[in-house]
Amino acid sequence: MSMLNLDKLKVNRFLCVFFIGYLFLSCKKEKINYTYGVNHIHLLPSNVNKTRLKSSEQYISILYTNLFQKSLSSNQIATISQAFESVGDQILARQIFVANLLNKPGVIIPSVQEMNANLEKFIEDTYIRFYVRKPTQAEKEFMLQAIQADPNLTPELIYMAFALSNEYMYY
Amino acid sequence: MKRKEFIKKTGLAAAGMLAFPYILPSGRAFFRTRAPLADHVVLVMFAGGVRHQESTLQGYLQLGQGIKIPSLNSPDNAGNIMPNIFNGPAPDPLKTPIVYGTGNTGANPIPPILSPANSIQSKGVTFKEVRCVTAGHYQGYTALLQGNFIGSQGLKQKPILPTIFEYVRKFRGEPASKVWLVGNTIGGSVPLLNYSEYFGYGAKYGANFFVPLVTFGQQGKTWFEDAKNYHPESELSPMYKLKYFLDNNFSNIGKSLPDLNNTEQEKYDIHNFMKLMFNKTNNNSVAKPPGADNSDARTIGYTAELLKYFKPTLTAVILSNVDQCHQSYTGYLRALHQADHSVGWLWNYIQTQIPEMAGKTVMLITPECGRDLYPNPIKDQNNYFAYDHSDANSLRTFASMIGVNVPQGIVKGNENQPVGLNINVVPTIAELLGIKDQVVNAGFLYNGPFGQAKSFFELLS
């Protein structure tokens with residue numbers, strides 16, 4: 001093989017490697033960061049982590065502290081638990097217990113005037129007080145309409161509904 | 001509407017009613033196959049371990065202490081201390097010590113409420129020698145209510161198999177406020193007995209339940225009595241509406257507490273009953289057997305009030321003062337005598353004070369278990385020996401029933417020929433309330449070494 005042919009072969013090989021390399025390295029797709037103008041939101045409801053049922057003692061203790069901003073003695077908790085055990089319908093037992101607490105002096109509960117002075121704040125405060133979370137927009141809307149539509153729905157009855165709701169039974 | 005159209009529609013509706021069965025709230029559809037024999041049933045789960053020797057055998061101190069104290073081992077020391085349930089002469093005070101009555105020494109027997117001619121034995125059926133399937137209290141209660149006995153039944157576990165409460169509510173479509181269990185303690189797992197956790201049954205068919213001495217005692221007075229009585233329409237209704245909205249938002253995450261399915265109206269009624277009982281308790285005007293004041297008697301008094309208020313289809317009441325026999329034989333005799341008095345008084349109260357139930361009710365009385373033949377070493381104030389319950393004698397017991405459609409004056413079985421099991425209570429109640437076929441077909445009744453659970457009525461022939 002002559003020297004000329006050998007050089008030609010080397011040039012061809014070089015060109016071949018060069019073009020293949022160029023093909024892979026030079027044609028990079030441009031990266032585009034799309035922005036849709038939407039805020040990041042959590043898709044799961046904010047109460048999704050409440051999977052554990054409160055024991056009677058936990059329910060009693062948490063509710064009393066919530067309504068009176070002070071705690072019960074362990075003896076009182078035991079007595080209330082016994083009263084609960086003596087009633088078959090545990091939902092009814094809780095309802096009567098809550099109605100009893102709301103009727104006691106010293107319960108800390110907003111007046112109707114305070115509620116109506118800033119309804120949205122009352123709703124948000126109630127959700128935080130009982131559920132330790134803010135209401136969703138849908139919850140806030142429903143509550144607003146329900147309270148505005150029914151003058152009988154006092155803070156006392158709203159507190160009762162929250163205290164008896166299934167979500168309040170869990171933590 | 002034209003006449004022709006009216007007749008056509010009425011005809012179609014009538015045909016539909018005939019063609020399609022009665023649809024129960026449970027969602028099940030069937031025809032009732034047998035007519036009920038009674039509108040109301042009261043089951044007394046009697047007393048807490050009753051020794052056969054002092055009950056149907058009427059042996060008093062002869063059969064109670066004669067085995068250890070020879071001076072008492074003669075027929076002079078025998079006698080009937082349960083005159084409302086059984087017929088037979090009382091112990092003779094001239095021949096034997098009288099310790100089962102009231103007063104400091106127990107020397108004053110309580111006069112019977114029912115005369116011998118009207119006793120439960122005279123006016124009903126007595127199975128004198130019935131076998132229990134277990135010698136324990138809680139397993140005895142579960143056996144009585146399930147019509148079966150499960151060896152793996154835990155002491156702090158709800159009944160494994162469906163109870164008679166669930167059968168009655170499921171197969172008769174009874175509302176929750178028509179089925180009740182009344183206990184005399186929150187101990188001994190008694191609050192677990194009002195429903196099983198069996199799939200397809202459970203809380204939604206469970207019985208309402210009170211332990212009146214706690215519900216209306218100090219615990220209930222402190223934490224329930226002052227509950228505001230909200231107006232059902234203007235206050236409770238919007239509250240419930242809001243609660244349902246809140247629950248709906250949580251329905252995919254957590255379940256409700258076990259729910260007996262009392263309607264809002266039933267809850268309101270039960271709360272009103274509680275208010276009434278608090279008032280009566282404060283005024284000391286709760287109905288009560290006149291000659292007794294122990295917790296069994298007071299529980300029976302509250303049960304009478306409950307019967308008068310709700311007129312339940314099925315009520316079961318648990319008495320257990322007799323269980324002091326573990327350490328006090330004298331206390332046991334007194335409790336047994338008072339339990340008999342309380343039962344006689346309750347039957348009389350139903351017949352005389354509750355016209356809606358008089359003549360339409362059947363009452364069954366049976367202990368959950370018996371007691372040992374031989375005593376333990378514990379002596380009481382009279383130097384009488386106490387008894388536990390674990391031997392074969394603990395499986396000996398009795399069953400009595402009285403009321404509408406119950407034959408009168410029949411005594412079945414004796415020491416040599418036992419007749420019946422105490423778990424026959426479930427098929428008996430089922431027969432009385434017209435649901436026996438459904439209960440039998442449900443397939444949970446006992447069929448084992450002791451025989452097969454069957455209605456006491458089947459054993460009469």
Side-chain angles (χ1 to χ4, degrees), chain A residues 45 47-53 59-60 76 78-104 127 130-131 135-136 138-139 142-143 146-147 149-154 156-170, chain B residues 176 180-181 183 186 190-191 194-195 203 206-231 233-247 249-262 266-267 270-271 274:
Chain A
N47 53 10
V48 76
N49 291 323
K50 295 178 185 171
T51 54
R52 282 170 290 184
L53 187 65
Y59 175 83
I60 291 160
Q76 286 173 309
T79 311
I80 301 167
S81 295
Q82 289 170 2
F84 274 24
E85 276 193 77
S86 75
V87 179
D89 189 333
Q90 286 294 294
I91 297 170
L92 178 63
R94 279 161 172 73
Q95 182 180 320
I96 295 169
F97 174 63
V98 173
N100 187 73
L101 291 186
L102 291 173
N103 208 22
K104 278 191 183 299
Y127 267 83
F130 282 89
Y131 290 170
T136 63
E139 287 170 330
F142 176 90
M143 292 286 292
I147 296 169
D150 191 343
N152 289 321
L153 213 42
T154 59
E156 185 179 327
L157 293 175
I158 294 167
Y159 272 30
M160 185 178 230
F162 272 81
L164 297 176
S165 67
N166 291 340
E167 185 172 343
Y168 194 64
M169 306 292 166
Y170 285 78
Chain B
W180 283 87
L181 171 66
I186 54 170
V190 166
N194 62 333
Y195 59 87
N208 271 297
F209 170 70
F210 276 143
V211 179
L213 301 185
V214 177
T215 314
F216 311 117
Q218 200 51 49
Q219 297 96 323
K221 281 171 73 67
T222 309
W223 298 106
F224 290 154
E225 185 177 12
D226 294 331
K228 196 171 165 184
N229 221 8
Y230 293 102
H231 191 278
E233 283 151 25
S234 64
E235 294 180 306
L236 285 180
S237 181
M239 187 282 291
Y240 280 128
K241 194 175 163 188
L242 186 56
K243 176 183 152 28
Y244 296 145
F245 166 76
L246 296 170
D247 289 348
N249 287 344
F250 194 64
S251 59
N252 289 331
I253 298 159
K255 293 185 293 185
S256 145
L257 291 175
D259 190 354
L260 300 182
N261 278 351
N262 280 304
E266 285 176 305
K267 286 179 184 170
I270 294 170
H271 191 194
M274 292 173 74

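Numbers restart at 1 for each chain; the letters A, B, ... are given by sequence-line order, proteins then strands. All of these numbers come straight from a predicted model, not from anything done at the bench.
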Say whether, by atom type as modelled, one donor and one acceptor occur between the side chain of A:Asn166 and the main chain of B:Asp247 under 3.5 angstrom.
-> no
Tell me, with the steps shown, if A:Ile91 and A:Leu164 meet side chain to side chain contact (heavy atoms under 4.5 Å, CB included).
-> CA-CA 8 Å; A:Ile91 297 170; A:Leu164 297 176; 5.9 Å; no
Applying a strict 4.5 Å limit to non-hydrogen atoms, the region of B:Pro212 in contact with chain A is neither
Can you tell which part of A:Asp150 gets under 4.5 Å to a heavy atom of chain B, answering side chain, backbone, both or neither?
-> side chain
For chain A, which of B:Leu246, B:Val211, B:Leu260 has the most heavy-atom pairs under 4.5 Å?
-> B:Leu246
Turns out that what part of A:Leu53 lies under 4.5 Å from chain B's heavy atoms comes down to side chain
Largest heavy-atom contact set with chain B, pairs under 4.5 Å, which of A:Asn103, A:Leu101, A:Val98 = A:Asn103
Taken to the nearest 0.5 Å, the spacing of B:His231 NE2 from B:Met239 CE works out to 14.0 Å
Choice from B:Lys241, B:Lys267, B:Met274 maximising heavy atom contacts with chain A below 4.5 Å | B:Lys267
Chain B contact via A:Phe97 - side chain, backbone, both or neither, heavy atoms under 4.5 Å = both
Are any of the side-chain heavy atoms of B:Tyr195 and B:Pro258 separated by less than 4.5 Å?
-> yes
Do B:Leu242 and A:Met143 come within less than 4.5 Å of each other through their side chains, counting heavy atoms only?
-> yes
When only pairs under 4.5 Å are counted, which of A:Tyr170, A:Phe84, A:Phe162 shares the most heavy-atom pairs with chain B?
-> A:Tyr170
Atom group of B:Leu213 that falls short of 4.5 Å from chain A, counting heavy atoms = neither
In terms of heavy-atom pairs under 4.5 Å with chain B, which of A:Ala161, A:Gly88, A:Ser86 leads?
-> A:Ser86
Pick one of side chain, backbone, both or neither for A:Leu153, based on which atoms fall under 4.5 Å of a heavy atom in chain B.
-> side chain
For B:Phe209 and B:Gly183, the nearest pair of non-hydrogen atoms, with its separation, is CE1-N, 3.8 Å
Measure A:Arg52 against the heavy atoms of chain B and call it side chain, backbone, both or neither at under 4.5 Å.
-> neither
Please report the C-alpha distance between B:Ile270 and A:Leu92 in whole Å, then the side-chain angles of each, then the deciding distance to 0.1 Å, and finally whether the side chain to side chain contact (heavy atoms under 4.5 Å, CB included) criterion is met.
-> CA-CA 9 Å; B:Ile270 294 170; A:Leu92 178 63; 3.5 Å; yes
Over all heavy atoms of both residues, which pair between B:Glu233 and B:Pro238 is shortest? Give the atoms and the distance, please.
-> O-CD, 3.4 Å
Contacting region of B:Ser237 [heavy-atom separation from chain A under 4.5 Å] | neither
Proximity breakdown for B:Asn194 and chain A, heavy-atom pairs closer than 4.5 Å = side chain
Scored by heavy-atom pairs under 4.5 Å with chain A, the best of B:Asn229, B:Asn249, B:Asn208 is B:Asn249
List the atom of A:Asn152, the atom of A:Leu157, and the distance in Å for their closest heavy-atom pair.
-> O-CD1, 3.2 Å
Among the listed options A:Thr51, A:Asn49, A:Ile80, the residue most often paired with chain B at heavy-atom distances under 4.5 Å | A:Ile80
Applying side chain to side chain contact (heavy atoms under 4.5 Å, CB included), run through A:Glu85 and B:Val214 and close with a yes or a no.
-> CA-CA 9 Å; A:Glu85 276 193 77; B:Val214 177; over 6 Å; no
Option that, when pairs with chain A are counted at under 4.5 Å, heavy atom only, ranks first among B:Tyr244, B:Tyr230, B:Phe210, B:Phe224 = B:Phe224
May I ask you to test the A:Gln95-A:Met160 pair for a side-chain heavy-atom distance under 4.5 Å?
-> yes
Pick from B:Glu235, B:Glu225, B:Lys228 with the largest number of heavy-atom pairs that fall under 4.5 Å of chain A = B:Lys228
Portion of A:Tyr127 that has a non-hydrogen atom of chain B nearer than 4.5 angstrom = side chain
Among B:Pro191, B:Gly220, B:Gly217, B:Ser256, who wins on heavy-atom pairs under 4.5 Å with chain A?
-> B:Ser256
Proximity breakdown for A:Gln76 and chain B, heavy-atom pairs closer than 4.5 Å | both
side-chain hydrogen bond (donor to acceptor under 3.5 Å, both in side chains) against A:Lys50, all qualifying residues, sequence neighbours excluded = A:Glu167
Taking atom types as modelled and ignoring hydrogens, do the side chains of A:Tyr131 and A:Glu139 form a donor-acceptor contact shorter than 3.5 angstrom?
-> no
